[in-house]
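Not measured: the values here are computed from a predicted model. The sequence lines fix the lettering, A, B, ..., with proteins before strands; numbering per chain opens at 1.
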Protein chains: 2
Amino acid sequence: MKLSVKSDYAIRAVFGLAVSFHAGKPRRVDDIADEFNIPPNYLVQILIELKSKRIVRSHRGRVGGYSLACPPSEITLGDILRCIHGAVYDTPALNDPNCPRIIKNAWTRIKEAAENTADDIDFQKLLDQSSKVGNIYYI
Amino acid sequence: MKLSVKSDYAIRAVFGLAVSFHAGKPRRVDDIADEFNIPPNYLVQILIELKSKRIVRSHRGRVGGYSLACPPSEITLGDILRCIHGAVYDTPALNDPNCPRIIKNAWTRIKEAAENTADDIDFQKLLDQSSKVGNIYYI
DNA sequence: TCGGTCGTGAAGTTATCGGTCAAAAGCGAT
DNA sequence: ATCGCTTTTGACCGATAACTTCACGACCGA
């Protein structure tokens, strides 16, 4: 039930990279951390995890930084959640042989509801919302 | 993303009480703990929480034990999850002013998907499944 | 070669989880 | 009235994970 901030940080970071995806230039860690109020040293660890799952790429050196490994439309929130934690929605009940089948079925229904929703939201959709709604209701 | 076993224990316990709801007689803690493989001393804490939220009732003394406070059809999985944890699906992102609106919207969608599903499953439905499927596929 | 960037591991703090234990308090039956 | 059975309460503990910071190494481009 309780999500960690880590997954939220990850989604913010990928969103930040999605915004500047067309530019083609990588973005520095401190830059992203600064925009989204993420502890820089913590963000590094998160980005490394995202990199190991081929969601982002890194470049070292003077013009280094991070960029998306594929178009925003091909990355979903479910992908990020599965990368950072093992699953979108995980309960020990499903692995517990003592849990009655009926209850396991119920857990599975809830799990799939969350999973399907997360897999349906890709970062291109978020970008579209951002350009449409963001400019109108921005305070 | 990671659920605790506590909520699973709670659901098992309430399910156990639902099964014997029509009998009208309370069920002892150790009895429930034994059937569903729940540490008895841990189950006590869970039942007390459930009682404080008026989901179950208790009865002391020689013929004491626990029983449901209302019919199984009026108790949903969402009720249990909200009782044990604060919410069915909780992410710190929704309370973080630094989290962009677009991303908060996405979190809300996932949250509502899980919440609606959990609220749709009441214990009468589980009982119905139990009597229908349980007897056929029981090993 | 030098400055800036990522990469990595370690360390520490805090919180939560899962579980145990020992009494106290209340109720029913006899 | 008392006795046994049950819930009630609250304290406690070890392990694990979350979150964060730090220091230093590796690497690249100019």
Just how far, in rounded Å, is [atom2] of [N] from [atom1] of [X]?
{"X": "A:I84", "N": "D:dC19", "atom1": "CD1", "atom2": "P", "answer": "11 Å"}
{"X": "B:D96", "N": "D:dA18", "atom1": "CG", "atom2": "P", "answer": "18 Å"}
{"X": "A:R62", "N": "C:dC6", "atom1": "CZ", "atom2": "P", "answer": "12 Å"}
{"X": "B:L17", "N": "D:dT7", "atom1": "CG", "atom2": "C1'", "answer": "14 Å"}

| With side chains defined as the heavy atoms from C-beta onward, is the minimum distance between B:I80 and B:E49 less than 4.5 Å? | no
Checking A:I32, A:L77, A:I75, A:L126 against A:F15 for side-chain contact (heavy atoms from CB on, under 4.5 Å), the one that qualifies is A:L126
Which of C:dG4, D:dT6, C:dA29 is nearest the side chain of B:R60? It is D:dT6
Regarding the side chain of A:S4, the nearest nucleotide among D:dT7, D:dG29, D:dA18 is D:dA18
Whichever of B:G65 and A:V63 has the more 5' nearest nucleotide on DNA chain D, that residue is B:G65
(Q) Whether the B:S4 and B:H85 side chains hold a donor-acceptor pair (N or O, under 3.5 Å, no angle test) is what I'd like checked. (A) yes
Under a 4.0 Å heavy-atom cutoff, the residues of residues 18-50 of chain B touching DNA chain C are B:P39, B:N41, B:Y42, B:Q45
Does this structure show an ion pair linking [X] with [Y], if we count only N-O contacts that are shorter than 4.0 Å?
{"X": "B:D120", "Y": "B:K125", "answer": "yes"}
{"X": "B:D79", "Y": "B:K53", "answer": "no"}
{"X": "B:R28", "Y": "B:D34", "answer": "no"}

> Within the pair A:S58 and C:dG7, is there a side-chain N or O less than 4.0 Å away from OP1 or OP2?
Replying inline: yes
*At under 4.0 Å, does any side-chain N or O of A:K51 touch on OP1 or OP2 of C:dG7?*
yes
Within residues 5-14 of chain A, the residues having a heavy atom closer than 4.0 Å to DNA chain D are A:V5, A:K6, A:Y9
Look up atom [atom1] in [X] and atom [atom2] in [Y], then write down how far apart they are to the nearest 0.5 Å.
{"X": "A:N116", "Y": "A:I121", "atom1": "CG", "atom2": "CD1", "answer": "11.5 Å"}
{"X": "A:L94", "Y": "A:Y89", "atom1": "CG", "atom2": "OH", "answer": "9.5 Å"}
{"X": "B:I110", "Y": "A:E115", "atom1": "CD1", "atom2": "CD", "answer": "10.5 Å"}

